[in-house]
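A note on names: the letters A, B, ... follow the listed sequences, proteins ahead of strands, and every chain is numbered from 1. Just so it is clear, the values below take in all heavy atoms, side chains as well, and ignore hydrogens, waters and symmetry mates.
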Number of protein chains: 4
Amino acid sequence: MFELDVRSRLPVYEQLVEKFKQLIISEVLKADEQLPSVRVLAKQLTINPNTIQKAYRELERQGFIYSVKGKGSFAAPAIKSVSSEKLDRLTDELKKLAAEIMYLGMPKEDICEILSEIEQMVKGGDGVDTD
Amino acid sequence: MFELDVRSRLPVYEQLVEKFKQLIISEVLKADEQLPSVRVLAKQLTINPNTIQKAYRELERQGFIYSVKGKGSFAAPAIKSVSSEKLDRLTDELKKLAAEIMYLGMPKEDICEILSEIEQMVKGGDGVDTD
Amino acid sequence: MFELDVRSRLPVYEQLVEKFKQLIISEVLKADEQLPSVRVLAKQLTINPNTIQKAYRELERQGFIYSVKGKGSFAAPAIKSVSSEKLDRLTDELKKLAAEIMYLGMPKEDICEILSEIEQMVKGGDGVDTD
Amino acid sequence: MFELDVRSRLPVYEQLVEKFKQLIISEVLKADEQLPSVRVLAKQLTINPNTIQKAYRELERQGFIYSVKGKGSFAAPAIKSVSSEKLDRLTDELKKLAAEIMYLGMPKEDICEILSEIEQMVKGGDGVDTD
DNA sequence: GTGGTCTAGACCACC
DNA sequence: GTGGTCTAGACCACG
């Protein structure tokens, strides 16, 4: 299900965070859908439960999932009120990244094209390949 | 001149790398223009010369500056041949970032507008030799 | 285990890089085999951990090892895609070296013989998984 | 005449040493032919005379040129007796280099082919492209 | 325990 | 003066 790379310089728990973020953003994980339990996922991925726990905690902190004691963790339904601070931080990062990419020779038009593809994915998240 | 955050999760030397990258990309630092010396910058920022060294070394590795023993460090003039691997890595990162931003509600059009601004900035350093 | 020459013009950390490169190329260090930890090796060689760190960092950059925080450093399993630029640089260096050696009187045949020995050594680590 | 790269991590004087070595090895500079004077060459290359001096001193130390007080510097006619130590050092370096090149996938045959080209150059050093 | 970052201050090579 | 290397020892993040 997940491809974790223990060799990566990125900590394992952050890789998990990224994976789940993408699943939720692309609506492969629908709103209020339950995530696998910490213990089950830890066994599946043969990694320490603490690592899963840490990832879930981070996802909750960022508002992508919510946890219910005794029930489990669930994908958050939508974004209530995005702190403009977070959006600012993200767009700022995007600016830097886009600047470097353009500096390396890629024209703005190509980047816009990429954005169009992403737009489809984010909006049209139909559960086609949920596996 | 620089705003460094020593408490940041991002290492100081990486913050420096980012700052200089931006200065070079936006051509505030022109090609072959000399950067502040390791020792001088260390004193200015009240951080250790080794940390500056590490940042400069990384910038050199990424092709943004070149260093000459006994002379100084200088902004690299242009990009010779970007490894497509690097561009792929960057665009991939951009995709994830853009997806999250759109998920948080910002329409594609707004992002494209941002890109236009950046395009001006990157190209902005018109080809006139100010030296 | 290692013979380091602190008086050498070659920095200690580069000597370490060379040593490990050879161990990995000759498959004395098998793929995914763990290298000695930074601290342990530093004690063994009675040099500063930072110097080992620098060597490991360079080896990672060159693709010969990979490091995992909290786990250790390991020999990289194989070469994915060598940048042709690197190979060009290496063969260019070899050309100069071979020219000088021939100039000093060694015939081409002798050099080819040496190459045969090396071929054995490099391939020598037959594909049997000793792990 | 010379292409010096002040940006190179290689010191300028070593670049000079390499250039002259190649000229002498390929017999573009014939035996007992005079090299340009320190001052003249320094002006031509717009670098410090001390740097030229250092290069010539190193070339003399390695036996590629000899200097006569009040006359100038000249290409050494041939190799009298190569210290086997030097040849050992060079072949050792070549072994490492060849091992890395083979490790990166280039077959021995390709390397031998390269050697044949070099053999022609070293033996047949006709002054065709002395520029 | 591991690797990674940082500081304080020393010495070297280069030009 | 410049960049580059190294040491001594500290602290942090990761698993």
**Prompt:** Is any N or O donor-acceptor pair between the side chain of C:R39 and the base of E:dG3 shorter than 3.5 Å?
**Reply:**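 Such a pair is found, so the answer is yes.
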Is [X] reaching over with its side chain to a backbone N or O of [Y], donor-acceptor style, under 3.5 angstrom?
| X | Y | result |
| --- | --- | --- |
| B:E33 | B:K30 | yes |
| D:Q53 | D:V38 | no |
| D:T91 | D:L87 | yes |
| D:T46 | D:K43 | no |

Any [X] side-chain nitrogen or oxygen under 4.0 Å from OP1 or OP2 of [N]:
| X | N | result |
| --- | --- | --- |
| B:S37 | F:dT2 | yes |
| C:T51 | F:dT7 | yes |
| C:Y13 | F:dT5 | yes |

Practice task
On the 0 to 90° scale, with breaks at 30° and 60°, tag the D:F64-C:Y103 ring pair as parallel, tilted or perpendicular.
Solution key: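 Ring orientation, 0 to 90° scale: parallel.
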Note, DNA chain F 5' to 3' with Watson-Crick or G-U pairs under 3.5 Å encoded as ( ), [ ], | and . gives ||||||||||||||.
Rounded to the nearest angstrom, tell me the gap between atom [atom1] in [X] and atom [atom2] in [N].
| X | N | atom1 | atom2 | value |
| --- | --- | --- | --- | --- |
| B:L45 | E:dC6 | CG | C1' | 14 Å |
| B:Q34 | F:dG3 | CD | C1' | 11 Å |
| B:L41 | F:dG4 | CG | P | 14 Å |
| B:Y66 | F:dG4 | OH | P | 13 Å |
| B:N48 | F:dG3 | CG | P | 14 Å |
| A:R9 | F:dG15 | CZ | P | 13 Å |

Map B:V68 and C:L10 onto DNA chain F by nearest heavy atom, then report which one ends up closer to the 5' terminus.
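The answer here is B:V68.
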Both C:V12 and A:E14 contact DNA chain F. Taking the nearest nucleotide for each, which residue is further toward the 5' end?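 It is C:V12 whose nearest nucleotide is closer to the 5' end.
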So which heavy atom on B:G72 is nearest to which on B:Q34, and how close?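 Shortest heavy-atom separation between B:G72 and B:Q34 comes out as CA-NE2, 3.7 Å.
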TODO: State, to 0.1 Å, how close A:E100 and B:K21 come at their nearest heavy-atom pair, and which atoms those are.
DONE: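 Closest approach of A:E100 to B:K21, heavy atoms only: OE1-NZ, 3.1 Å.
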* Asked: Within the structure shown, what part of the strands sits under 4.0 Å from B:I47 by heavy-atom distance: base, sugar-phosphate, or nothing?
  ->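 Since only primed, P, OP1 and OP2 atoms lie under 4.0 Å of B:I47, the category is sugar-phosphate.
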query: Within the structure shown, what part of the strands sits under 4.0 Å from D:N50 by heavy-atom distance: base, sugar-phosphate, or nothing?
result: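 Counting heavy atoms under 4.0 Å across all strands, no contact is made by D:N50.
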Test salt bridge (Lys or Arg N to Asp or Glu O under 4.0 Å) on D:R61 and D:E58; report intermediate values, then the result. CA-CA 5 Å; D:R61 201 187 64 75; D:E58 176 64 15; 3.0 Å; yes
- Those residues of residues 52-60 of chain D lying under 4.0 Å from DNA chain E by at least one heavy atom: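 When residues 52-60 of chain D is checked for heavy atoms under 4.0 Å from DNA chain E, the hits, listed by number, are D:K54.
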Taking C:E60 first and then C:R57, would you say they form a salt bridge - that is, a charged N and a carboxylate O separated by under 4.0 Å?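 Between C:R57 and C:E60 there is no salt bridge, as every charged N stays at least 4.0 Å from the carboxylate O atoms.
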Considering only F:dT5, E:dG3, F:dC14, which nucleotide approaches the side chain of A:P11 most closely?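 My answer, after comparing the listed nucleotides, is F:dC14.
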Nearest-nucleotide 5' precedence on DNA chain E, B:T46 against C:K69: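 Nearest-nucleotide comparison on DNA chain E picks C:K69.
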Next item on the list: Would you please say whether a donor-acceptor pair under 3.5 Å links the side chains of B:D32 and B:Y66?
Entry: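 Short answer, yes.
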